[in-house]
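Everything quoted here is computed from the prediction, not taken from an experiment.
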Amino acid sequence: MKLLISRFIAILILVIPGLLAMKGFLMMKDDIFNYISMHGDDTVTPVFAWLHFGGGLILFAAGMTFLGGWILTRDRKRNYVGPRFKEKKKPKQVPPPEATS
């Protein structure tokens, strides 16, 4: 039962950023569509909704960044990435010799 709950929580951790990215994409798409469709109506002056579009862009970028980082981390653990994306190994530092007095 504990494994089932932990897997459900892991799926939620991945689904929530995916839903945020989807909502952001839909917000941007709707703003572009509304702006283009306003050009066909002579009674309305076309105005682009920058604030709504910017909010969608932030949601989309945040969700995709989280998912991309999670996938990169998982692939690094399983050694699926190319040499460009492997973690840089830090050289071991030799401790300085202690002064004896």
Side-chain angles (χ1 to χ4, degrees):
M1 188 67 172
K2 196 173 191 179
L3 181 65
L4 182 67
I5 292 172
S6 64
R7 287 194 181 243
F8 181 71
I9 291 171
I11 288 174
L12 279 180
I13 290 173
L14 291 177
V15 167
I16 291 171
L19 290 175
L20 289 177
M22 180 192 66
K23 179 64 177 168
F25 177 78
L26 291 176
M27 287 169 63
M28 293 188 298
K29 177 190 68 85
D30 289 343
D31 288 335
I32 291 172
F33 176 79
N34 288 337
Y35 180 69
I36 292 172
S37 68
M38 276 192 258
H39 283 289
D41 190 2
D42 293 333
T43 62
V44 179
T45 304
V47 178
F48 191 72
W50 285 106
L51 189 61
H52 196 258
F53 184 84
L57 183 64
I58 289 172
L59 282 176
F60 180 74
M64 292 310 294
T65 301
F66 182 86
L67 290 175
W70 182 82
I71 290 170
L72 180 64
T73 302
R74 183 198 61 176
D75 287 351
R76 278 183 178 166
K77 285 180 185 177
R78 296 178 182 186
N79 203 18
Y80 290 158
V81 294
R84 177 180 176 188
F85 296 106
K86 291 188 188 266
E87 289 188 37
K88 309 289 187 259
K89 294 190 178 183
K90 296 179 184 174
K92 286 188 177 180
Q93 291 183 356
V94 179
E98 295 183 25
T100 57
S101 21

>> Other members of the hydrophobic cluster containing Met38, with the 4.5 Å side-chain heavy-atom rule, please.
In response: Val44
Side-chain donor-acceptor pairs of residues 74-85 under 3.5 Å, sequence neighbours excluded:
residue: Arg76; atom: NE; partner: Phe85; partner atom: O; Å: 2.7
residue: Arg76; atom: NH2; partner: Phe85; partner atom: O; Å: 3.0
residue: Asn79; atom: OD1; partner: Lys86; partner atom: NZ; Å: 2.6

> Which pairs, with at least one residue in residues 20-37 and sequence neighbours excluded, count as a side chain to side chain donor-acceptor pair (under 3.5 Å)?
Replying inline: Asp31-His52
> Taking all non-hydrogen atoms of both residues, which atom of Gly56 and which atom of Met27 are closest, and how far apart?
Replying inline: N-CE, 3.7 Å
>> Count I, L, V, M, F, W, Y as connected when their side-chain heavy atoms are under 4.5 Å apart, and connections chain through other members. Are Val15 and Leu26 then in the same cluster?
In response: yes
> For Asp42, which residues count as a side-chain hydrogen bond (donor to acceptor under 3.5 Å, both in side chains) partner, sequence neighbours excluded?
Replying inline: none
> Is there a path of hydrophobic side-chain contacts, each under 4.5 Å between heavy atoms of I, L, V, M, F, W or Y residues, that connects Ile32 with Trp50?
Replying inline: yes
>> Looking at every non-hydrogen atom in both residues, tell me the closest pair between Ala21 and Met64 and how far apart they are.
In response: CB-SD, 3.9 Å
>> Using the side-chain hydrogen bond (donor to acceptor under 3.5 Å, both in side chains) criterion, which residues pair with Thr73? Sequence neighbours excluded.
In response: none
For residues 4-13, please give each side-chain donor-acceptor pair under 3.5 Å, one per line with the distance, not counting sequence neighbours.
residue: Ser6; atom: OG; partner: Lys2; partner atom: O; Å: 3.3
residue: Ser6; atom: OG; partner: Leu3; partner atom: O; Å: 2.9

>> Run the ring pair (Phe, Tyr, Trp, His ring centres under 6.0 Å) test against Phe53 and tell me which residues pass, sequence neighbours left out.
In response: Phe48
> About how many Å separate CD1 of Ile71 and CZ of Phe66, when rounded to the nearest 0.5 Å?
Replying inline: 10.5 Å
